[in-house]
4 protein chains.
Amino acid sequence: MSGINKVILVGHLGKDPEVRHLEGGVAVASFPLATSETFNKDGRKVEQTEWHNIVMWRGLADVAAKYLQKGKLVYIEGKLRTRSFEDKEGIKKYTTEVVAENFTMLGRKTDFETEAAPRTNGGRTNDTDGYRNDADDLPF
Amino acid sequence: MSGINKVILVGHLGKDPEVRHLEGGVAVASFPLATSETFNKDGRKVEQTEWHNIVMWRGLADVAAKYLQKGKLVYIEGKLRTRSFEDKEGIKKYTTEVVAENFTMLGRKTDFETEAAPRTNGGRTNDTDGYRNDADDLPF
Amino acid sequence: MSGINKVILVGHLGKDPEVRHLEGGVAVASFPLATSETFNKDGRKVEQTEWHNIVMWRGLADVAAKYLQKGKLVYIEGKLRTRSFEDKEGIKKYTTEVVAENFTMLGRKTDFETEAAPRTNGGRTNDTDGYRNDADDLPF
Amino acid sequence: MSGINKVILVGHLGKDPEVRHLEGGVAVASFPLATSETFNKDGRKVEQTEWHNIVMWRGLADVAAKYLQKGKLVYIEGKLRTRSFEDKEGIKKYTTEVVAENFTMLGRKTDFETEAAPRTNGGRTNDTDGYRNDADDLPF
DNA sequence: TTTT
DNA sequence: TTTT
C-alpha cells in the first residue's frame, strides 16, 4: 500500500548549491540546509541546529542553481531517502537526504535578486519540469 | 532565527516498538517504519519502499509500546535529527532518525485493539507529558 | 512575496465524489471529507468531527471519480481557497474549500478495488496534468 | 477513527492581532493572514492572494498579542474549524478558521523587535497552556 | 487587510 | 556550514 513520506523545512543554506550533470544531462543540485530551534534550558537560551542534506533534480536543480545561495532563507518540501555508498576506505555507509519536490524563497525581496537576473518575486518551483500551472484556465 | 523541521509519515511498522529506559527512568521507544511509493516505470508498476528510524520519548514511548505493533498503519509527525555514533569497529557513522512528536493510528478499528486493553479509537498522542522538555535529559 | 498555503487531511469521504464538466471539458470533482478527533472531556471520550469541502480538478478529478467512494479513507494534500457566491435568496456567502493537489488512498487493499478494475495498491495522484501524471495509465 | 486535520501557512499578517477575553479569562487572539502565490499567466506574472482567519487560544494568544504585528511574516501550524453564526440580519452563515497550534516568526531580526521588548530570536510557541509552554518566560 |  |  502507498504511504506518505513528506518533509517540510524552513531554514538557511549553509553553502551555495553544488550542481552536477549526470550522463544524459540530468542536473542534480545539492546543498546543506540548517534549521535552528531555540529553547530554554535552566533559564538560559540554547540554540540547537540541525543540518539537512538537500538534493534537487532536473528543472528544480536549475532553478536552485540560479536563485539559491548560501545564507538564503528557504521553505522546502520533499521526501526522505536513505541510500548507501562506500567511502574512500571501502566502508559501507548510509546517508539520509531530503529530495526536494518544490521550494519557495522566503525573506526580503533583495534576497531573491541576483546580479544577472533581478526578480520580483519568490516563486514556488516544482520538480515537474514545467509549471503545474493549474491557473491558466480556471474559472476563478 | 528559528526554522521549521517537520516530517509527516504514513506507513507500516516493520517491527514491534523496542523500548529502553534510560537512567532516570525516561522511556525511549524505537522502530522502523516503511513508506511505500508506487510508480510506473516503462509501463510496469514498481514499488519503492523507504525505511525510517522512528524514535519516541517519554509518554509517547509508553503509548507506542502499548498500542503500536508490527504491521500497523500509523500517521507520524516529528522532526529530523542526525546523530553520530561509533560502530563496533570504532568507525564513526551517522544515522538520521525521525523523532516523533505525535502519532495517530490509522486503519480498521480492530487494528487498535490489544488483548489487554481494547480501545475504541485511535487517538493522537503528543510528546508533552508535562513539558516539551525533550532536551533536558537527553543523551545527545 | 510568495507564501505557503498547505492543508494535509486524513479522513473519510462523506459521499461519493460529484463530478461536473465545465465548458471546455475541464472536470471538477467535489465531496465532503470528515476528519475526526477524539479527546477526553471529564474522563469521558468525546469525538468531534470536522467536515471539509474537497475540490479536485482535471486529471485528479477523473481519478477521484474512478476510485474514491463514500466511506473510503484518504490522505489529501491541497490548499485553502475561500470564494464567495450568492445563495438562492441572493445573499452573498463565503465558502472555504480545500483544493486538492494530490491524494493517496489509505486502508485495506480491498478498499482500493472496484468491480471493474481490481487494484493492488493505492497510488499517489497529482494535479499536474501532463507531468508527473501517475494518473494516465491507472489502475495504478 | 481518528483523522488528521492539519494546516501549514507562511504569510503576512493583514492586521495586528485582536485579543478578547472570554468569561473565565481565557484569551483569544485573531487576525487575518495573507498567503500569496505568484504564477505565470500568458507570460505575465500574476499574484493571487488568499486570506485566512487565524485564531489563537490561551497562552498562544498572549504571545501573539505580544509579538505579532501587521505585516510580519509568520509560519503557522494549526487545524481547520468551520463554525456557524448568525449575522446582524439573523442569517445563518459559516466561517472557516485556522485554529493555530503553534507559530514561528520568520524574517529579519528587526521584525521580531517591539519597542518595549527587543528580542533576539523568533521562537516556536505552542497552544498547550501549561505544558510545553515556552511562552511563560518570553522573550525566549 | 499583508507582502514582493 | 546557515541564521538570529
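Chain identifiers are assigned alphabetically (A, B, ...) following the order of the sequence lines, protein sequences preceding nucleic acid strands; residue numbering begins at 1 within each chain. Computed from a predicted structure; not experimentally measured.
- For D:Q69 and E:dT2, the CD to C1' distance is 13 Å, given to the nearest whole Å.
- Heavy-atom minimum distance, A:T96 versus A:N53: O-OD1, 3.8 Å.
- Look at OH on B:Y94: it is 13 Å from P on F:dT1, rounded to the nearest Å.
- Among the protein residues, A:G71 comes within range of the sugar-phosphate backbone only, with heavy atoms under 4.0 Å from sugar or phosphate atoms but none that close to a base.
- Counting only heavy atoms from C-beta on, A:K70 has its side chain closest to F:dT1 among F:dT1, E:dT2, F:dT4.
- Comparing F:dT1, F:dT2, E:dT1 by their closest approach to the side chain of A:S36 singles out F:dT2.
- Distance, D:F103 CZ to E:dT2 C1': 17 Å, rounded to whole Å.
- Here A:W51 packs flat against the base of F:dT1; its ring centre is closer than 5.5 angstrom to the base's six-membered ring, tilted by less than 30 degrees.
- Atom-to-atom, CD1 of A:I54 to C1' of F:dT2 comes out at 12 Å; the value is rounded to the nearest Å.
- The interatomic distance linking A:E50 (CD) with F:dT4 (P) rounds to 20 Å, in whole Å.
- With contacts defined as side-chain heavy-atom distances shorter than 4.5 Å, the pair B:K79/A:E37 qualifies.
- Across the protein-nucleic acid pair, A:K72 atom NZ and F:dT2 atom C1' stand 12 Å apart, rounded to whole Å.
- Nearest nucleotide to the A:H12 side chain, out of F:dT2, E:dT2, F:dT1: F:dT2.
- Residues C:I4 and D:T35 come closest through the heavy atom pair O-CG2, 3.2 Å.
- Legend: residues meeting side chain to side chain contact (heavy atoms under 4.5 Å, CB included) with B:K92, ordered by chain and number and at least two apart, are B:S84, B:Y94.
- The distance between atom CD1 of B:I4 and atom C1' of F:dT3, rounded to the nearest whole Å, is 14 Å.
- Across F:dT1, E:dT2, F:dT2, the shortest atom-to-atom separation from the side chain of A:P32 is found for F:dT1.
- Under the side chain to side chain contact (heavy atoms under 4.5 Å, CB included) criterion, D:K93 pairs with C:I91, D:F85, D:D87, D:I91, not counting sequence neighbours.
- When rounded to the nearest whole Å, the span between CG of A:L106 and P of F:dT4 equals 14 Å.
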